[in-house]
Amino acid sequence: MVRRALILVEGHRGIGLLYVQAAQRLGLHPITLSADPARYAYLATEGIEAIRVDTDNFEALIRECSRLRATYDIAGITGFAGDHESVYATVGKLCQHFDLPGPNPKSIERCGDKFTQRQLLAQAGVPIPAYRLATNAAEVESSAAEIGLPVIVKPAAGSGSCGVRLCRKLDELAEHMTYLLGGKHIWRTTPRILVEEFAQGPFYSTNIMGNEVVGICTNDFGPLPHFVIRECTYPALLTDDEQKRLADVSLSCLRALGLGWGPTNIELRWTMRGPVVIEVNPRLGGMPDPQLVQLAYGLDLVIEHIKLVIGEEWNLRKRHSHTAAARFLLPDQDGILDWIGGDTQAAAIPGVAEVKLNVEPKTPIVRKGDFRDWIGHVIVTSPSLAETEGALQRAVDLIDWSITPFPAVGE
């Protein structure tokens with residue numbers, strides 16, 4: 001009997017392992033196509049079949065999938081956004097080519113270009129921050145003057161908060177332009193920069209499957225001027241009216257952007273004028289969203305997404321209602337990590353579902369102001385918010401580390 005395979009274009013350090021394990025539970029053989037399979041340690045540790053292929057080359061991907069069809073029954077194709085959304089658009093094109101269920105690649109591409117996304121949302125009357133597009137430092141400065149400081153400055157394409165910064169003064173604006181345009185930020189295309197009004201208020205994230213809102217969480221960030229998620233809690237503490245307003249605005253994004261197939265993650269802030277959309281991600285939210293949804297509701301979004309990918313009927317029924325929260329561990333300085341520990345004691349706290357440290361002693365720590373700054377995380381769940389918050393804090397308090405600062409220049 002021919003084995004049914006699930007093709008995964010690229011991997012994901014946060015949720016990639018969840019996908020290969022879910023595929024195996026569904027009786028599928030996961031195969032990863034990647035430009036550099038060694039980037040994803042779980043492929044080797046779990047013995048997952050991985051094939052090196054240029055995932056920016058659509059014809060090469062077609063050839064590889066066609067070759068695999070001689071050996072396997074390809075049940076479905078999906079993949080992951082990395083530092084940019086283009087991989088997921090490629091997934092949509094592959095699904096169309098092989099007549100398999102998948103996202104609309106044109107919608108994914110429009111959404112991945114944050115300027116185009118902003119234009120489409122604005123045309124549909126979806127509340128968004130004021131914004132301008134710039135291609136050089138002078139245009140960024142004039143855009144900031146039009147909108148009024150402080151402003152958010154970020155690349156028009158990308159993910160994981162890479163290159164995103166709050167600029168409160170002109171010198172901060174100039175400093176960030178030096179970073180973005182001076183060779184430190186990697187651009188896949190000609191630099192295009194979004195300058196946006198700083199929408200202030202509580203931050204929420206909506207996870208949607210198809211046209212159904214699965215859950216809304218609240219996020220907390222590390223210190224400004226960067227936007228590195230520090231804590232995430234499911235479900236957000238909301239009134240029925242607040243929940244409805246966030247859900248309504250989120251669903252209006254799907255209509256504006258031509259989405260509604262599979263998972264979508266939408267980030268919003270509740271400002272003085274109500275919910276304002278910060279960003280629409282046309283895919284499943286990364287780590288820890290799937291884990292927290294499963295702990296909070298007993299609903300495995302990864303399994304249900306794969307069912308959709310392979311043409312099976314999904315089930316979004318929630319099995320219980322708990323509170324689940326994750327805290328990311330963020331270093332407070334650059335330098336060499338001397339030691340890190342306490343994870344074993346933290347994992348023993350009742351309610352702790354996972355403790356993971358991402359770094360080993362003697363690792364150089366260089367903060368980048370995005371998701372790459374996480375040196376570990378703790379995930380906790382319990383029937384109540386108070387119990388979850390208490391257990392999370394007790395667990396985090398048990399984890400400690402020491403960093404020796406880099407020598408000053410000239411020392």
Side-chain angles (χ1 to χ4, degrees), residues 81 83-86 108-205 219 221-229 249 252-253 256-257 265-282 368-371:
D83 299 337
H84 52 91
E85 304 286 354
S86 63
I108 302 299
E109 286 174 340
R110 287 196 299 262
C111 205
D113 182 326
K114 295 174 186 177
F115 177 63
T116 302
Q117 180 189 124
R118 284 273 181 263
Q119 288 180 307
L120 292 170
L121 292 175
Q123 288 167 15
V126 176
I128 59 172
Y131 67 98
R132 301 286 188 279
L133 181 69
T135 57
N136 56 52
E139 289 178 4
V140 167
E141 191 171 323
S142 63
S143 297
E146 289 175 24
I147 293 170
L149 294 170
V151 291
I152 306 292
V153 179
K154 60 186 179 186
S159 63
S161 294
C162 296
V164 181
R165 177 174 170 165
L166 173 67
C167 298
R168 292 160 286 203
K169 301 175 182 176
L170 288 176
D171 59 340
E172 292 177 350
L173 204 61
E175 181 186 334
H176 195 44
M177 284 306 93
T178 300
Y179 171 81
L180 287 178
L181 302 174
K184 291 185 178 178
H185 181 79
I186 298 171
W187 296 90
R188 292 173 58 84
T189 58
T190 303
R192 296 166 72 247
I193 299 166
L194 269 183
V195 183
E196 296 184 348
E197 168 195 1
F198 179 32
Q200 300 185 58
F203 190 99
Y204 298 101
S205 179
N219 289 340
F221 293 92
L224 295 171
H226 303 290
F227 295 89
V228 184
I229 292 180
V249 171
S252 72
C253 294
L257 298 169
N265 174 263
I266 300 175
E267 300 169 355
L268 312 97
R269 281 195 185 270
W270 196 290
T271 70
M272 292 180 66
R273 58 189 177 112
V276 168
V277 175
I278 301 301
E279 200 158 290
V280 178
N281 301 302
K368 297 175 174 63
D370 56 48
F371 75 100

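Residue numbers count from 1 along this sequence. This one's a predicted model, so the numbers in the text were calculated from it and none came from an experiment.
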Minimum-distance pair of heavy atoms, taken over all atoms of [X] and [Y]:
X: Cys167; Y: His176; result: SG-CB, 4.0 Å
X: Pro155; Y: Val164; result: CD-N, 4.4 Å
X: Pro275; Y: Trp270; result: CG-CZ3, 3.6 Å
X: Arg165; Y: Phe227; result: C-CE1, 4.2 Å
X: Ile147; Y: Ala130; result: CD1-O, 4.1 Å
X: Gly369; Y: Val228; result: C-CG2, 3.5 Å

Determine whether [X] and [Y] make a side-chain contact, defined as any pair of heavy atoms from C-beta on separated by less than 4.5 Å.
X: Val276; Y: Glu197; answer: no
X: Glu139; Y: Arg132; answer: no
X: Glu175; Y: Thr178; answer: no
X: Leu224; Y: Arg168; answer: yes
X: Phe221; Y: Ile229; answer: yes
X: Val249; Y: Pro127; answer: yes
X: Ile152; Y: Ile278; answer: no
X: Leu257; Y: Pro282; answer: no

Q: Could you check Gln117 against Glu279 for side chain to side chain contact (heavy atoms under 4.5 Å, CB included), going step by step and ending with a plain yes or no?
A: CA-CA 8 Å; Gln117 180 189 124; Glu279 200 158 290; 4.2 Å; yes
Q.
Using a 3.5 Å distance criterion without hydrogens, assess whether the side chain of Arg269 forms a donor-acceptor pair with backbone atoms of Ala199.
A.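 Yes, because the side chain of Arg269 sits within donor-acceptor range (under 3.5 Å) of the backbone of Ala199.
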**Q.** Salt bridge flag under 4.0 Å for residues Lys114 and Glu196
**A.**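 A salt bridge is absent here (no side-chain N lies under 4.0 Å from a carboxylate O).
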Q: Carefully, step by step, assess Glu141 and Met177 under the rule side chain to side chain contact (heavy atoms under 4.5 Å, CB included).
A: CA-CA 9 Å; Glu141 191 171 323; Met177 284 306 93; over 6 Å; no
